[in-house]
Amino acid sequence: MTRLAPSAEALEAARRIMADCDRIAAISAREDGIERTYLTPEHARHDALAAELVTTAGMRTWQDAAGNRRGRLEGSRPGLPALLLASHLDTVPDAGRYDGILGVLLAVEAVSRLRDRAHELPFALEVAAFADEEGTRFGATLLGSRALAGTWEPGWLALADAEGTTMEQAFQDFGLDPGRVGEAALRPEDLAGYLEVHIEQGPYLEQADRALGVVTSIAGARRFALTVTGEARHAGGTPYERRRDALIGASRAVLDIEQIAREHGAIATVGRLETFPGGVNVVPGRVEMSLDLRAETDALRDEVLDLVLERIRGFCAGRRLELTVEQIHAAPAVRCAPRLMDAVRTGIRATGDPEPPELFSRAGHDAMALAAITDVGMLFVRCADGISHHPDESVTTEDVALALEALEAAVLEVARSGTGAPEGGDRR
């Protein structure tokens, strides 16, 4: 594809964004990499920097009851529902510098560019820099966006981090009242929709030589703890025909999981596997393993799960092994609203790409939480080799400039196409 050329103004803004990504990357709990987690000193520092940027962009700003940094620019009259532009500033351990952060900074810059036209907009513009999306510290994900969506679970306050500090105590140490988290929640009537820009976290845009893509949906995920139980016995003294080797069952399960998922177009990962008792001369009596299963639709994901468990149970039965399955996480697939997909598509076309590619997101995003109360749309930005959650995460200044132009044009298209009222479409 012919290389697209962003405007000089957009390139200059993109250079600022890249520099601000570096400034935020310098805020870290570790000296050998990037790590920022919820309700920590690093959270306070990135919140202060975000407040500075949001204020400079011309917005009124505040930290909400869940610790998110918020900003608002009024539209044609005060008090209108808001088109929310957002992403997150927290990270996984040893992170890259663009996952989430790029989306926040693009949102802030887009509002700054639209400031002089705000009086034309049939909605307000709001920005949110979510304080926790990754769930690194306490294990529960999308905490910041779930607080805005009103789907915060009070039981999360009892979760503890690796040092034993509960979330409730962390709130208090941070200077927030855990009993007031619900005050961060928005109502459906408060919003005209939600747009999020994010690096793709996959290789498909790069393979297609395209800078930007329209997100059609976000994969629904289910996670499980699987336990294969056999019998631990002496490795030398137990004949093969007498063995109930749990690791044999688990190993076969790993292979079956990948094969079935690939055959049916789903995504399945065994990220953790631990054997017990763990002796080099002991037949493994128990294996605990994880399963992360995702697909473009809930129906496909659940169909693949049924096939996987049927295959594993059949093999385990033949080996006199037992399988137990515990679901530990579930998130339904989310379809992006057609009107916001159209707006994102129009925005990308404004950069010179006449046929924007469409992709479904295999990774989870804050848009999944906001879909509970409003229509959502997403714009993907190419990242080098699809690498994310890693220090080698990389984007180009030119692509960031194109993303900025596309986001600004998408906001104007939402305004042009109507009042921005949600369609009440598929929010599964």
Side-chain angles (χ1 to χ4, degrees), residues 9-10 13-14 16-17 20 50-64 68-89 100-130 144-145 148-149 184-198 336-337 339-344 346-348 350 365-367 369-371 373-379 400 403-422:
E9 182 184 6
R16 289 196 300 271
I17 290 170
D20 286 335
E52 170 195 324
L53 297 173
V54 169
T55 301
T56 301
M59 285 176 272
R60 174 175 64 88
T61 188
W62 70 99
Q63 184 182 72
D64 70 21
N68 301 307
R69 174 54 50 180
R70 308 271 293 278
R72 181 177 172 97
L73 180 69
E74 298 294 345
S76 58
R77 67 177 190 275
L80 288 169
L83 181 64
L84 179 61
L85 315 178
S87 196
H88 63 96
L89 292 181
I101 295 85
L102 181 64
V104 172
L105 297 178
L106 280 165
V108 172
E109 187 67 35
V111 173
S112 178
R113 286 163 65 93
L114 289 164
R115 178 170 42 184
D116 293 339
R117 302 185 63 178
H119 64 280
E120 304 173 13
L121 300 178
F123 43 71
L125 289 174
E126 287 198 9
V127 166
F130 294 124
S145 50
L148 257 68
L186 295 169
R187 303 166 300 170
E189 57 266 33
D190 294 328
L191 293 172
Y194 174 88
L195 288 175
E196 181 172 356
V197 183
H198 207 283
C336 293
R339 72 182 179 97
L340 296 181
M341 287 176 58
D342 287 343
V344 171
T346 297
I348 297 174
H365 300 286
D366 288 302
L370 269 297
I373 58 170
T374 194
D375 289 344
V376 302
M378 287 193 70
L379 167 68
V400 172
L404 177 59
E405 292 180 328
L407 178 59
E408 180 182 4
V411 171
L412 292 174
E413 176 61 18
V414 176
R416 186 203 64 78
S417 62
T419 63

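Heavy atoms only: backbone and side chains are in, while hydrogens, waters and symmetry mates are out. Throughout, residue positions are numbered sequentially from 1 according to the sequence presented. Source: prediction; values computed, not measured.
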_Straight-line distance of L407 CG to E109 CD, nearest 0.5 Å_ = 10.5 Å
*For the pair L148 and L84, evaluate side chain to side chain contact (heavy atoms under 4.5 Å, CB included) and give the outcome as yes or no after the intermediate values.*
CA-CA 11 Å; L148 257 68; L84 179 61; 4.0 Å; yes
*Return yes if some donor-acceptor pair links the side-chain N/O of N68 with the main-chain N/O of A128 below 3.5 Å, else return no.*
no
*salt bridge (charged side-chain N to carboxylate O under 4.0 Å, His left out) partners for R115, two or more places apart*: none
_N/O donor-acceptor pair under 3.5 Å between E196 side chain and A367 backbone_ = yes
*Can you measure from CG (L102) to CG (D20) and round to the nearest 0.5 angstrom?*
11.0 Å
*asked:* For the CZ atom of R69 and the CD atom of E52, what is their distance to the nearest 0.5 Å?
replied: 11.5 Å
_Between S76 (side chain only) and E120 (backbone N and O only), is there a donor and an acceptor less than 3.5 Å apart?_
no
*Results of salt bridge (charged side-chain N to carboxylate O under 4.0 Å, His left out) for R60 - residues two or more places apart only*: none
_Testing the basics here: between A107 and A86, what is the closest heavy-atom pair and its distance to 0.1 Å?_
CB-N, 4.4 Å
_Contact check, side chains of L340 and V414, non-hydrogen atoms, under 4.5 Å_ = yes
*Taking atom CE of M59 and atom CD of E126, what is their separation to the nearest 0.5 Å?*
10.0 Å
*Compare all side-chain heavy atoms of V411 with those of L85 and state whether any distance is below 4.5 angstrom.*
yes
*Got a sec: does the CD of E189 have more than 12 other heavy atoms crowding it under 6.0 Å?*
yes
_Non-hydrogen atoms of A415 and L121 that approach each other most closely_ = CB-CD2, 3.8 Å
_Could you walk me through whether H88 and H198 satisfy the side chain to side chain contact (heavy atoms under 4.5 Å, CB included) test, starting with their C-alpha distance in whole Å, then the side-chain angles of each, then the deciding distance to 0.1 Å, before giving a yes or no?_
CA-CA 10 Å; H88 63 96; H198 207 283; 3.8 Å; yes
*Closest heavy-atom contact between F123 and A192?*
CB-CB, 4.0 Å
*Output the distance between atom CG (D64) and atom CG (L186), rounded to the nearest 0.5 Å.*
8.5 Å
*Qualifying residue, where the test is side chain to side chain contact (heavy atoms under 4.5 Å, CB included) with L105 and the options are L53, L89, L404*: L53
*Run the side chain to side chain contact (heavy atoms under 4.5 Å, CB included) check on L114 and L412 step by step: do they pass?*
CA-CA 9 Å; L114 289 164; L412 292 174; 3.7 Å; yes
*Any sub-3.5 Å donor-acceptor pair from T346's side-chain atoms to D342's backbone N or O?*
yes
*Y194 versus T374, closest heavy-atom pair with distance*: CB-CG2, 3.9 Å
*Provide the closest heavy-atom pair for V400 versus A14 in the form atom of the first, atom of the second, distance.*
CG1-CB, 3.8 Å
*Kindly give the heavy-atom pair with the smallest separation between A149 and A369, and that separation in Å.*
CB-O, 3.3 Å
*asked:* What verdict does the side chain to side chain contact (heavy atoms under 4.5 Å, CB included) test give for L370 and F130, after you've listed the backbone C-alpha separation in whole Å, the side-chain angles of each residue and the deciding distance to 0.1 Å?
replied: CA-CA 12 Å; L370 269 297; F130 294 124; 4.0 Å; yes
_Straight-line distance of S112 OG to L125 CG, nearest 0.5 Å_ = 11.5 Å
